[in-house]
2 protein chains.
Amino acid sequence: MEKKEKITDKKTALLDATLNLVNNHGFHKAPMSKIAKLAGVAPATIYLYFENKQDLINSLYLTVKASFSEHAFKGYEDGLPVKKGFEIIWYNIADYKLNKIDEATFLSQCDNTPIIDEAVAEEGLKHLQPLLDLWEKGRKEEIVKPLSNYILYAYTVYPLSFLLAIQEKNYYKLNDEMRQKAFQSAWDAIKI
Amino acid sequence: MEKKEKITDKKTALLDATLNLVNNHGFHKAPMSKIAKLAGVAPATIYLYFENKQDLINSLYLTVKASFSEHAFKGYEDGLPVKKGFEIIWYNIADYKLNKIDEATFLSQCDNTPIIDEAVAEEGLKHLQPLLDLWEKGRKEEIVKPLSNYILYAYTVYPLSFLLAIQEKNYYKLNDEMRQKAFQSAWDAIKI
DNA sequence: TTATAAAAAATGAACGTTCATTCATTAGAA
DNA sequence: TTCTAATGAATGAACGTTCATTTTTTATAA
């Protein structure tokens with residue numbers, strides 16, 4: 001028990017350190033030596049927990065992606081009305097992107113650069129299935145426009161990445177009122 | 001005349017090479033030696049045209065951003081009706097993002113990572129002013145929702161980045177019909 | 001035009017540094 | 001004592017950049 005916890009401890013510290021360094025300085029300025037130092041560990045120790053740097057990055061990506069997906073579907077269940085279900089998921093994602101800033105920023109970076117191995121990136125996509133199912137239902141009920149999942153995603157979830165980036169740069173937080181308006185725009189974009 | 005052209009030639013070749021390597025393998029796997037080789041030039045030659053690697057990347061960013069902005073406002077003029085003006089600009093941007101794939105992919109990467117110096121990144125933003133002015137007009141005429149420029153951008157232009165990425169990964173091209181539907185969604189998101 | 005000198009552009013090898021990774025050794029728990 | 005986790009110094013490869021030299025272009029004079 002204790003042993004397991006300790007292992008997780010250092011592993012987590014390493015993942016956290018990597019997240020911070022890659023976010024703030026980019027992959028190319030996040031050397032293993034600095035990651036180790038920030039995690040309070042010797043460089044060689046990294047290799048007890050990860051095969052190499054690429055494995056470290058891939059693991060971080062999958063870890064963060066999993067936490068994101070878990071967040072996205074909190075309180076959601078199949079069978080809810082389409083708009084209600086969509087609202088729940090959308091606000092969950094908004095909360096994650098606008099509060100867990102470091103994690104969300106890192107995901108943005110991974111999705112827009114080739115730093116993650118392709119196979120790993122694809123694995124990260126599978127978590128969104130419930131949302132895709134919901135959209136399918138919405139299309140059948142003619143509540144949602146007959147658009148591909150890609151386009152629906154592009155106009156509802158993806159804009160949140162931009163709002164996150166803006167929020168970070170301007171050091172201001174999107175308040176509840178703005179968030180409601182943003183949701184309305186997302187819904188207007190895809191509703192029939 | 002000839003001299004000027006030749007200089008531009010090598011500089012252009014270097015920028016092109018950088019664009020390709022950074023796009024396909026990321027900044028950290030785009031060493032100066034490879035950039036030089038791909039441009040058909042000796043490594044030392046790069047330093048005749050650019051101060052260092054950072055300057056090379058910054059220059060590339062500004063060059064591409066300028067070409068993007070030029071494209072965005074082709075055929076647009078002040079005084080057009082808001083929806084018409086927005087349509088022209090939106091389709092221009094869509095054309096750019098979906099056809100000039102390399103350039104657009106590179107811009108995405110720059111906007112989501114810290115590889116560009118902050119001051120340079122801010123300079124790249126100034127080009128969009130006519131669109132911001134148009135939105136201001138739209139808000140005054142109560143055609144466009146009273147949302148900040150950030151949100152309007154997030155729901156109209158930004159989604160195109162996602163569609164670009166998808167198009168790249170799936171090797172399919174968004175046809176005209178899909179493009180029209182995408183425009184409709186963008187407009188639905190922000191119109192009153 | 002041709003020959004030659006001066007200037008500019010381009011080069012490839014070399015430099016110092018930084019990096020990811022390894023390994024012999026040590027510290028600590030069982 | 002035995003075994004595992006952790007270490008810090010060591011290593012070789014790769015990197016960005018520099019520099020002495022060569023090649024190409026331009027300018028000048030015959």
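Each chain gets a letter, A, B and so on, in the order its sequence line appears, and its residues count up from 1. These numbers were taken from a predicted model, which means no experiment stands behind them. Keep in mind that the numbers below use all heavy atoms, side chains included, and drop hydrogens, waters and symmetry copies.
Taking the six-membered ring for Trp and the full ring otherwise, the centers of A:Y96 and A:Y91 sit at least 6.0 Å from each other. In this structure, A:Y158 has its ring center closer than 6.0 angstrom to the ring center of B:Y158.
Looking at residues 15-27 of chain A, you'll see that no heavy atom sits under 4.0 Å from any atom of DNA chain D.
Rounding to whole angstrom units, NZ of residue A:K11 and C1' of D:dA6 are separated by 17 Å. Rounding to whole angstrom units, CZ of residue B:F50 and P of D:dG16 are separated by 15 Å. Counting to the nearest Å, the P atom of D:dA14 and the CD1 atom of B:I35 are 17 Å from each other. The CG-P distance, from A:L48 to D:dT4, rounds to 13 Å in whole Å. Nucleotide D:dT24 holds its C1' atom 10 Å from the NZ atom of B:K10, rounded to whole Å. Atom C1' of nucleotide D:dT17 and atom NZ of B:K34 are separated by 18 Å, given to the nearest angstrom. One can place NE2 of B:H28 at 16 Å from C1' of D:dG16, the figure rounded to the nearest angstrom. The nearest whole Å value for the distance from the NZ atom in A:K37 to the P atom in C:dC19 is 11 Å.
Annotation for B:E136: atom CD counts as buried by contact number, over 12 foreign heavy atoms lying within 6.0 Å.
A salt bridge is absent between A:K137 and A:D78: the closest approach of a Lys/Arg side-chain nitrogen to an acidic carboxylate oxygen does not fall below 4.0 angstrom. Ion pairing between A:E87 and A:K83 fails under the 4.0 Å rule for side-chain N and carboxylate O.
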Next on the checklist: Let's go through B:F86 and B:F183 carefully: what are the C-alpha distance in whole Å and the side-chain angles of both, what is the deciding distance for ring-ring contact (aromatic ring centres under 6.0 Å, His included) to 0.1 Å, and is it a yes or a no?
Outcome noted: CA-CA 10 Å; B:F86 175 69; B:F183 173 77; 5.8 Å; yes
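A cation-pi contact links A:K53 to A:F27, judged by a cut-off of 6.0 Å to the six-membered ring centre and 45° from its axis. Under a cutoff of 6.0 Å and an axis angle of 45°, A:K11 and A:F50 form a cation-pi pair.
Nearest nucleotide to the A:A42 side chain, out of D:dG8, D:dA6, D:dC15: D:dG8.
Close to D:dA5, at under 4.0 Å from its OP1 or OP2, lies no side-chain N or O of A:Y49.
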Can you give me the N/O atom pairs linking the protein to nucleotides 21-26 of chain C at distances under 3.5 Å, or say none if there are none?
{"from": "C:dT21", "atom 1": "OP2", "to": "A:Y47", "atom 2": "OH", "distance (Å)": "2.7"}
{"from": "C:dT21", "atom 1": "OP2", "to": "A:K53", "atom 2": "N", "distance (Å)": "2.9"}
{"from": "C:dT21", "atom 1": "O5'", "to": "A:Y47", "atom 2": "OH", "distance (Å)": "3.3"}

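With hydrogens and angles left out, the side-chain atoms of A:N170 and B:Y150 include a donor and acceptor closer than 3.5 Å.
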